[in-house]
Amino acid sequence: MADTHNSLGSLAQRQKDYPKAEKWYVKSLETRLEISAVTVKEVQEQQQFLAQSYTSLGNLYCDMEEYVKALDNLGYAKECYIKGFNKAHPKVAWAVEAQAAVHKKTRNYRMAQECIDEAIAIRRALQDKGDGKALFAKELEKDQSTL
C-alpha cells in the first residue's frame with residue numbers, strides 16, 4: 001500500500017499537482033509508520049521505507065520552494081538511511097545530494113559544498129572498495145562537477 005501511495009505521489013508531482021502529491025506522500029509515510037517492526041531486520045527495513053517517504057517529501061517541498069520543510073524531511077531521510085543501512089551506504093549520499101540541491105537553491109553555498117563533500121566521501125570510499133570497477137564513477141563525476 002505504501003509503495004502505491006508513494007508512486008501516486010510521484011505521478012502527481014510530475015504533473016505539478018503538488019497538493020495531491022503531498023497527500024499521497026503523507027499517506028505513504030503514515031502507512032509505513034504503522035508497520036509493526038520487531039526484529040532488527042524488520043526495524044532496518046522499516047527505516048529504509050521511511051527514508052523513501054521522507055526523500056519523496058523532501059524533493060516535493062523543494063519543488064514547492066518550501067525549503068525548510070525540504071531540509072527537515074531530507075534530514076529525516078538521511079537518518080533513516082543510516083539506521084536502515086549504514087552511514088556509508090550510497091542511499092545516504094542520495095539524501096545528502098538532495099540536501100545540497102536545496103542549499104544551492106537557497107544560495108547557502110557553504111552548506112551545499114559541505115553536503116557535496118560528504119556525498120563524494122561516501123561514493124569515493126565505495127568506489128575504492130570496488131576492486132577497480134566503475135561502481136559510482138558517474139555519480140562521483142557529477143558531484144565533483146557540482147562542487
Side-chain angles (χ1 to χ4, degrees), residues 1-127 135-147:
M1 290 292 293
D3 287 341
T4 300
H5 296 318
N6 206 77
S7 294
L8 289 168
S10 180
L11 176 62
Q13 184 176 354
R14 281 195 300 276
Q15 295 171 338
K16 308 268 189 246
D17 188 345
Y18 298 140
K20 187 183 281 186
E22 182 179 28
K23 180 189 90 159
W24 286 117
Y25 287 146
V26 168
K27 194 163 183 70
S28 175
L29 176 63
E30 290 170 348
T31 302
R32 288 172 169 161
L33 285 168
E34 291 174 3
I35 295 171
S36 177
V38 178
T39 68
V40 171
K41 185 177 184 212
E42 290 171 343
V43 170
Q44 288 174 326
E45 287 175 349
Q46 182 184 33
Q47 291 298 310
Q48 294 166 19
F49 297 144
L50 290 171
Q52 181 188 24
S53 287
Y54 287 125
T55 299
S56 296
L57 281 164
N59 289 327
L60 172 67
Y61 290 132
C62 185
D63 285 353
M64 295 170 68
E65 298 181 356
E66 293 186 30
Y67 299 121
V68 172
K69 285 183 177 180
L71 288 172
D72 286 346
N73 280 277
L74 293 169
Y76 297 144
K78 179 183 173 186
E79 290 173 24
C80 289
Y81 278 135
I82 290 170
K83 290 175 186 173
F85 294 108
N86 60 60
K87 66 181 181 180
H89 195 276
K91 288 192 178 186
V92 175
W94 290 350
V96 174
E97 288 165 344
Q99 288 174 319
V102 175
H103 288 304
K104 281 175 35 182
K105 286 188 176 195
T106 61
R107 300 188 190 285
N108 188 346
Y109 298 117
R110 184 180 309 266
M111 286 302 299
Q113 181 177 358
E114 288 178 21
C115 290
I116 292 297
D117 285 340
E118 184 178 351
I120 287 172
I122 291 168
R123 295 199 189 283
R124 188 169 286 136
L126 292 167
Q127 185 68 38
L135 300 173
F136 296 101
K138 289 181 191 175
E139 291 87 349
L140 270 170
E141 186 176 317
K142 181 181 174 228
D143 284 345
Q144 288 169 335
S145 69
T146 299
L147 185 61

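Note that the CG atom of Leu29 and the OG atom of Ser53 stand 5.0 Å from one another [nearest 0.5 Å]. Between atom SG of residue Cys80 and atom CG of residue Asn73 there is a gap of 10.0 Å, rounded to the nearest 0.5 Å. Separation of atoms NE2 (His103) and SG (Cys62) is listed at 10.5 Å; rounding is to 0.5 Å. Note: Leu71 CG to Lys105 NZ = 11.5 Å, rounded to the nearest 0.5 Å. Rounding to the nearest 0.5 Å places OH of Tyr109 at 8.5 Å from NZ of Lys104. The distance from atom OG1 of Thr39 to atom CD of Gln46, rounded to the nearest 0.5 Å, is 10.5 Å.
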Would you please test Thr106 and Met111 for side-chain contact (heavy atoms from CB on, under 4.5 Å) and show each step? CA-CA 10 Å; Thr106 61; Met111 286 302 299; over 6 Å; no

Chi angles and distances behind the side-chain contact (heavy atoms from CB on, under 4.5 Å) call for Gln52, Asp3: CA-CA 9 Å; Gln52 181 188 24; Asp3 287 341; 3.9 Å; yes

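Closest of all the heavy-atom pairs between Ala77 and Thr55 is CB-OG1, 3.2 Å. Here the closest heavy-atom approach between residue Asn59 and residue Ala98 is recorded as OD1-CB, 3.8 Å. For Tyr81 against Lys91, the heavy-atom pair with the smallest separation is CD1-O, 3.4 Å. Between Ser36 and Glu42 the shortest heavy-atom distance is O-OE1, 4.2 Å. In this structure, Val96 and Ala119 approach most closely via the heavy-atom pair CG1-N, 4.1 Å.
In this structure, the side-chain contact (heavy atoms from CB on, under 4.5 Å) partners of Glu30, at least two apart in sequence or on a different chain, are Val26.
Using a 4.5 Å heavy-atom threshold, the side chains of Met1 and Glu34 count as separate. Counting heavy atoms from C-beta on, the side chains of Gln47 and Leu50 come closer than 4.5 Å. Taking the side chain as every heavy atom from C-beta outward, Glu22 and Tyr61 approach each other to under 4.5 Å. Residues Arg123 and Pro90 meet the side-chain proximity criterion, which asks for heavy atoms closer than 4.5 Å. Between Leu11 and Lys20 there is no side-chain heavy-atom pair separated by less than 4.5 Å. No side-chain heavy atom of Lys83 sits less than 4.5 Å from a side-chain heavy atom of Val43. Between Glu118 and Lys78 the shortest side-chain heavy-atom distance falls below 4.5 Å. Contact check for Lys27 versus Leu8: no side-chain heavy atoms found under the 4.5 Å cut-off.
Sequence neighbours left out, the pairs with a member in residues 43-69 that pass salt bridge (Lys or Arg N to Asp or Glu O under 4.0 Å) are Lys41-Glu45, Glu66-Lys69. Residue pairs satisfying the ring pair (Phe, Tyr, Trp, His ring centres under 6.0 Å) criterion with at least one member in residues 14-35, sequence neighbours excluded, are listed as follows: His5-Trp24.
Remark: Tyr76 OH is loosely packed, at most 12 non-hydrogen atoms of other residues, nucleotides or ligands lying under 6.0 Å away.
No donor-acceptor pair under 3.5 Å is formed between the side chain of Gln13 and the backbone N or O of Ala21.
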